[in-house]
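Notes follow the structure.
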Amino acid sequence: MHARVIALGQAAAGDDGVALVILERLRECGVPESVELVHAADDLALVPLLETPVPVVIVDAVLHSPRGQVLVLTPEELARRGLRPLSTHGVGVCHAIELARTLAPERGAPSIRIVAVTISRPRRYTQRLSPAVAAAVPVAVERLLRLLGGCA
């Protein structure tokens, strides 16, 4: 394995499910077998997934305007910019990464990047993406494929 892509989010939360749509598009594109595609329902599930000898790309939605922007960030840039990924357990992506680095510093991913799509507060119990966020999916896929090209 040369890279792990982890999509965060819930399918029944509107735009918060954008990472799952992106993950499905990556599967359809046929990423190399050396790239592992994983879904994590919440931020706490990230902790064991970050124990890997390969680079990790986390795909997530972040609350920010305007909707539908695609950002490629390090965890430090995410925290510094004050962007807020949604969290169902109050942990958050940055805290999960920090926890993983604290618990297993010698077994953690050598690099972590975050591909984030900006969203408004999602509506619950809908699996549809808003038009602006749906339009961001191909852009995010293209940026992910470029990132993965550097990992292969």
> Of the non-hydrogen atoms in Ala19 and Val59, which two are nearest, and what is the gap between them?
Replying inline: CB-O, 3.3 Å
>> Looking at every non-hydrogen atom in both residues, tell me the closest pair between Val56 and Ala109 and how far apart they are.
In response: CG2-CB, 3.6 Å
> Is it true that a side-chain atom of His2 and a backbone atom of Gly149 form a donor plus acceptor pair closer than 3.5 Å?
Replying inline: no
> Going by heavy atoms in the side chains, are Val72 and Ile114 under 4.5 Å from each other?
Replying inline: no
>> Looking at Glu33, I'd like to know if its CD atom is crowded, meaning that more than 12 non-hydrogen atoms belonging to other residues, nucleotides or ligands lie closer than 6.0 Å.
In response: no
> Are the side chain of Thr118 and the backbone N or O of Gln69 linked by a donor-acceptor pair below 3.5 Å?
Replying inline: yes
> When you look at Val93 and Val62, which way does the side chain to side chain contact (heavy atoms under 4.5 Å, CB included) test go after all the steps?
Replying inline: CA-CA 10 Å; Val93 170; Val62 294; over 6 Å; no
>> Has Arg25 got a side-chain atom pairing as donor or acceptor with Val141's backbone, closer than 3.5 angstrom?
In response: no
>> Quick check for you: to the nearest 0.5 Å, what is the distance between Leu99 atom CG and Arg101 atom CZ?
In response: 12.0 Å
> With sequence neighbours excluded, what pairs up with Arg128 under the salt bridge (charged side-chain N to carboxylate O under 4.0 Å, His left out) test?
Replying inline: none
> If you measure from CG on Leu46 to CG on Leu8, what distance do you get to the nearest 0.5 Å?
Replying inline: 4.5 Å
> Could you give the distance from CG (Asp60) to CG (Leu71), rounded to the nearest 0.5 Å?
Replying inline: 11.5 Å
> If you look at every heavy atom in Leu78 and Cys94, which pair is closest and at what distance?
Replying inline: CD2-SG, 3.6 Å
> What closest approach, in Å, do Ala140 and Val115 show between heavy atoms, and which atom pair accounts for it?
Replying inline: CB-CG1, 4.3 Å
> Looking at Gly14 and Leu129, what are the two nearest heavy atoms and their distance?
Replying inline: O-CD2, 3.5 Å
> For the side chain of Arg113 and the backbone of Leu147, is there at least one donor-acceptor N/O pair under 3.5 Å apart?
Replying inline: no
> With distance as the sole test, does Asp42 use its side chain to make a donor-acceptor pair with the main-chain N or O of Ala45 at under 3.5 Å?
Replying inline: yes
>> Less than 4.5 Å apart, side chain to side chain, heavy atoms only: is that true for Pro110 and Pro55?
In response: yes
> When rounded to the nearest 0.5 angstrom, what distance separates CD1 in Ile58 from CG in Leu73?
Replying inline: 11.0 Å
> How far apart are the closest heavy atoms of Leu20 and Gly9, and which atoms are they?
Replying inline: CD1-O, 4.0 Å
> Rounded to the nearest 0.5 Å, what separation is found between the CG atom of Leu26 and the CG atom of Leu145?
Replying inline: 5.5 Å
> Does Asp15 use its side chain to pair, donor to acceptor, with the backbone of Ser130 at less than 3.5 Å?
Replying inline: yes
>> Please report the interatomic distance CZ(Arg4) to CG(Leu37), rounded to the nearest 0.5 Å.
In response: 11.0 Å
